[in-house]
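Index from 1, following the sequence.
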Amino acid sequence: MEILKSRLLIRPRDAAASTAFYRDTLGLAVEREFPGGTVFFLGHGSLEVSGTGEAGSSPDLVLWLQVRDLAGTLAELKAKGLEPVRDAQREPWGLDEAWIADPDGTRIVLVEVPEGHPIRTDTR
């Protein structure tokens, strides 16, 4: 699977307080704002798997992974025995998304940015 970009999504209990924390306390630069949310720059994104957890997955944590070919990626994953939690569909915000989960149940959103979408920067 070829990952083009990744984004960690946080679903806070208090959106205003969390936005203020990332923007004002940590000083993260705002990439863009939209109704109901703010996106902050975090470089190219990373996921570290280390240590041993005790609490398990949280429904408040979602990993966002942009792929070049969502249908092809899903076909590869299904061939390996991984069934999606939710098959691909076009979202109201114009992205094509499918959901899978890791062994702990952490939701992973696989995203393809369709041609013509305003956030598409790779023209291949």
Between the OG1 atom in Thr106 and the CG atom in Asp60, the distance rounded to the nearest 0.5 Å is 11.0 Å
What are the two closest heavy atoms between Ala15 and Pro12, and how far apart are they? CA-CG, 3.9 Å
Side-chain contact, heavy-atom cut-off 4.5 Å: Val109 with Ile100? no
Within this structure, what is the CG-CG distance for the pair Leu110 and Asp69, rounded to the nearest 0.5 Å? 11.5 Å
What one should report as the nearest heavy-atom pair of Pro114 and Leu95 is CD-CA, 4.1 Å
Measuring from atom NE2 of His117 to atom CH2 of Trp93, what distance do you get when rounded to the nearest 0.5 angstrom? 10.0 Å
Verify side chain to side chain contact (heavy atoms under 4.5 Å, CB included) between Phe34 and Val39, making sure each step is shown before the conclusion. CA-CA 8 Å; Phe34 55 91; Val39 178; 3.7 Å; yes
For side chain to side chain contact (heavy atoms under 4.5 Å, CB included), just list the numbers for Glu2 and Val67, CA-CA rounded to whole Å, side-chain angles, deciding distance to a tenth of an Å, and then say yes or no. CA-CA 6 Å; Glu2 182 182 13; Val67 299; over 6 Å; no
Determine whether Gln66 and Val113 make a side-chain contact, defined as any pair of heavy atoms from C-beta on separated by less than 4.5 Å. yes
Roughly how far, to the nearest 0.5 Å, is CG of Leu74 from CD of Glu112? 10.0 Å
How close do Met1 and Thr73 get, heavy atom to heavy atom, and via which atoms? SD-CG2, 3.3 Å
Quick one: do Leu70 and Val111 satisfy side chain to side chain contact (heavy atoms under 4.5 Å, CB included)? Show the steps, please. CA-CA 7 Å; Leu70 184 55; Val111 179; over 6 Å; no
Contact list for residues 70-86, test salt bridge (charged side-chain N to carboxylate O under 4.0 Å, His left out), sequence neighbours left out: Lys78-Asp87, Arg86-Glu91
Residues Phe40, Glu31; criterion side chain to side chain contact (heavy atoms under 4.5 Å, CB included); working and verdict: CA-CA 5 Å; Phe40 297 96; Glu31 179 179 344; over 6 Å; no
So, taking the atom named CZ in Arg107 and the one named OG in Ser58, what distance separates them when rounded to the nearest 0.5 Å? 10.5 Å
Applying salt bridge (Lys or Arg N to Asp or Glu O under 4.0 Å), name anything that partners Arg90, two or more places apart in sequence or on another chain. Asp96
